[in-house]
Chemist: 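Got a structure here, written out as structure tokens. Questions coming.
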Amino acid sequence: MKTRITELLGIKHPIIQGAMSWVSFPPLVAAVSNVGGLGILGAAFMSPAELKENIRKIKSLTDKPFGVNFMANNPLIEELLDVIIEEKVPVASYGVGNPQRILERTKSHGIINLPTMGALRHAVRAEQDGADAVIVQGTEAGGHAGYVTTLVLVPLVASKLRIPVVA
């Protein structure tokens, strides 16, 4: 299947594995990527050293595109971005916090930016700042991204953005 998101991410199927902390470790990430989806490492709790180790493990298990997910408001964000850039991670996925600094640091390195947004105004701002696509997540997906359900939020965001919108 060919879609804007499969072309952008270099994947076969428009399936993006959720970045679940304490679940989305290298074997799952590589398995999803190896069958044509986009596996995403749940790295919200990882130190820079742990992140590097996990990225290298993923690379030992797949040569397909994958992503790393982290929180934009992480106090170690600069060090985490150093690792992601150094390790040439194909996709940066992030939420909770202002993505502008992440976009500024990663875009020039060819890293695809795929932030998770829980509100229309955040998605619009991410597009304005240079995000390549956005993941839209409603309140039922943990409640930490916003107060509107995915069923309402996805068509609303999709009607306002030009970049791909992932539900």
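Numbers here simply count residues along the sequence, with the first being 1. Computed from a predicted structure; not experimentally measured.
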Chemist: Starting at CZ of Arg125, measure out to CE of Met117 and round the result to the nearest 0.5 Å.
Modeler: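 That separation rounds to 10.5 Å.
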
Chemist: Can you name the residues that form a side chain to side chain donor-acceptor pair (under 3.5 Å) with Asp82, not counting sequence neighbours?
Modeler: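 Listed in chain order: Arg105.
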
Chemist: Below 4.0 angstrom, N of the basic side chain to O of the carboxylate: do Glu127 and Lys160 qualify?
Modeler: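 Lys160 and Glu127: not salt-bridged.
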
Chemist: For the hydrophobic clusters of this structure (ILVMFWY residues joined by side-chain heavy atoms under 4.5 Å, transitively), does one cluster hold both Leu161 and Ile135?
Modeler: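 In one cluster with Leu161: Ile135, no.
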
Chemist: Please give me the minimum heavy-atom distance between Glu140 and Thr149, naming the atom from each residue.
Modeler: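 Nearest pair, atom of Glu140 first, then Thr149: OE1-CA, 3.4 Å.
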
Chemist: Determine all donor-acceptor pairs shorter than 3.5 Å in which one atom belongs to a side chain in residues 4-13; sequence neighbours excluded.
Modeler:
unit_1	atom_1	unit_2	atom_2	d
Arg4	NH1	Arg162	O	3.3
Arg4	NH2	Arg162	O	2.4
Thr6	OG1	Thr3	N	2.7
Thr6	OG1	Thr3	O	2.9
Thr6	OG1	Thr3	OG1	3.4

Chemist: Quick check: does any side chain N or O of Ser33 sit under 3.5 Å from a backbone N or O of Pro65, one acting as donor and the other as acceptor?
Modeler: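 Pair found, side chain donor or acceptor close to backbone of Pro65.
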
Chemist: Side chains of residues 35-43: which donor-acceptor pairs under 3.5 Å do they make with residues two or more places apart or in other chains?
Modeler:
none

Chemist: In chain order, what residues pass the side chain to side chain donor-acceptor pair (under 3.5 Å) check against Asn34, with sequence neighbours excluded?
Modeler: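 Only Thr62 meet the side chain to side chain donor-acceptor pair (under 3.5 Å) criterion with Asn34.
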
Chemist: Between Val89 and Val91, is there shared hydrophobic-cluster membership here, with clusters defined by ILVMFWY side-chain heavy atoms closer than 4.5 Å?
Modeler: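 Val89 does not cluster with Val91.
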
Chemist: Could you state whether Val136 and Val148 fall into the same hydrophobic cluster, counting links through intermediate Ile, Leu, Val, Met, Phe, Trp or Tyr residues with side-chain heavy atoms under 4.5 angstrom apart?
Modeler: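 Same cluster: Val136 reaches Val148 through Ile, Leu, Val, Met, Phe, Trp or Tyr contacts under 4.5 Å.
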
Chemist: Taking only residues at least two apart or on different chains, which pairs with a member in residues 87-96 satisfy salt bridge (Lys or Arg N to Asp or Glu O under 4.0 Å)?
Modeler: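 Residue pairs passing salt bridge (Lys or Arg N to Asp or Glu O under 4.0 Å), neighbours aside: Arg56-Glu87, Lys59-Glu87.
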
Chemist: Can you tell me how far apart CD1 (Ile85) and CG (Leu80) are? Round to the nearest 0.5 Å.
Modeler: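 It is 11.0 Å, given to the nearest 0.5 Å.
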
Chemist: Should Val166 and Leu153 be counted in the same cluster of Ile, Leu, Val, Met, Phe, Trp and Tyr side chains packed under 4.5 Å apart?
Modeler: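 No, no single cluster joins them.
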
Chemist: Which pair of heavy atoms, one from Ala72 and one from Ile77, lies closest together, and at what distance?
Modeler: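 Closest heavy-atom pair between Ala72 and Ile77: O-CG1, 4.0 Å.
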
Chemist: By salt bridge (charged side-chain N to carboxylate O under 4.0 Å, His left out), which residues pair with Lys52, not counting sequence neighbours?
Modeler: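 Scan of Lys52 (salt bridge (charged side-chain N to carboxylate O under 4.0 Å, His left out), adjacent residues dropped) gives Glu86.
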
Chemist: Taking all heavy atoms of Val154 and all of Ala167, pick out the closest pair and write down the distance.
Modeler: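 The pair with the smallest heavy-atom distance is CG2-CB, 3.7 Å.
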
Chemist: Please list, chain by chain and in numerical order, all residues satisfying side-chain contact (heavy atoms from CB on, under 4.5 Å) with Ser47, sequence neighbours excluded.
Modeler: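 For Ser47 the side-chain contact (heavy atoms from CB on, under 4.5 Å) partners, ignoring immediate neighbours, are Ala49, Glu50.
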
Chemist: Check whether Ile112 and Val165 end up in the same hydrophobic cluster, where Ile, Leu, Val, Met, Phe, Trp and Tyr are linked by side-chain heavy atoms less than 4.5 Å apart.
Modeler: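 Different hydrophobic clusters.
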
Chemist: Let me see the working for Ile16 and Leu114 under side chain to side chain contact (heavy atoms under 4.5 Å, CB included), right down to the final yes or no.
Modeler: CA-CA 11 Å; Ile16 299 172; Leu114 186 59; 4.2 Å; yes

Chemist: For Asn54 and Phe25, which heavy atoms make the closest approach, and how far apart are they?
Modeler: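 Closest approach of Asn54 to Phe25: OD1-CD2, 4.3 Å.
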
Chemist: Nearest 0.5 angstrom please: Leu120 CG to Leu156 CG, how far?
Modeler: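 CG of Leu156 is found 4.5 Å from CG of Leu120.
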
Chemist: Considering only residues two or more places apart or on different chains, which pairs with a residue in residues 107-120 satisfy salt bridge (Lys or Arg N to Asp or Glu O under 4.0 Å)?
Modeler: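 Counting only pairs at least two positions apart or across chains, the salt bridge (Lys or Arg N to Asp or Glu O under 4.0 Å) contacts touching residues 107-120 are Lys107-Asp132.
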
Chemist: Between Asn74 and Ala44, what is the shortest heavy-atom contact and its length?
Modeler: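 Result for this residue pair: ND2-O, 3.7 Å.
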
Chemist: Any ring-ring contact (aromatic ring centres under 6.0 Å, His included) involving residues 33-72? Give me the pairs, sequence neighbours left out, ordered by first then second residue.
Modeler: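 Applying ring-ring contact (aromatic ring centres under 6.0 Å, His included) to every pair that reaches into residues 33-72, excluding sequence neighbours, yields Trp22-Phe45, Phe70-Tyr94.
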
Chemist: Is there a side chain to side chain contact (heavy atoms under 4.5 Å, CB included) between Ile84 and Leu51? Walk through the geometry before answering.
Modeler: CA-CA 8 Å; Ile84 290 165; Leu51 178 59; 4.0 Å; yes

Chemist: Quick one: pull up OG in Ser60 and CD1 in Ile55 and give me the separation to the nearest 0.5 Å.
Modeler: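 Atom-to-atom, Ser60:OG and Ile55:CD1 are 12.5 Å apart.
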
Chemist: Is there side-chain contact between Leu28 and Gln17, with at least one heavy-atom pair below 4.5 Å?
Modeler: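 Leu28 vs Gln17: side chains touch.
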
Chemist: Would you give the length of the straight line joining atom CD of Gln100 to atom CD of Gln128, rounded to the nearest 0.5 angstrom?
Modeler: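 So the gap between those two atoms works out to 10.5 Å.
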
Chemist: List in chain and number order the residues that pass salt bridge (charged side-chain N to carboxylate O under 4.0 Å, His left out) with Glu53, two or more places apart in sequence or in another chain; answer none if no residue qualifies.
Modeler: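 Counting only residues at least two positions away or on another chain, Glu53 forms no salt bridge (charged side-chain N to carboxylate O under 4.0 Å, His left out).
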
Chemist: Could you tell me which residues satisfy side chain to side chain donor-acceptor pair (under 3.5 Å) with Ser93, sequence neighbours excluded, listed by chain and number?
Modeler: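 Once residues adjacent in sequence are excluded, the partners of Ser93 under the side chain to side chain donor-acceptor pair (under 3.5 Å) criterion are Asn69.
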
Chemist: Run the side-chain contact (heavy atoms from CB on, under 4.5 Å) test against Leu61 and tell me which residues pass, sequence neighbours left out.
Modeler: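 Listed in chain order: Pro26, Ala30, Lys57.
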
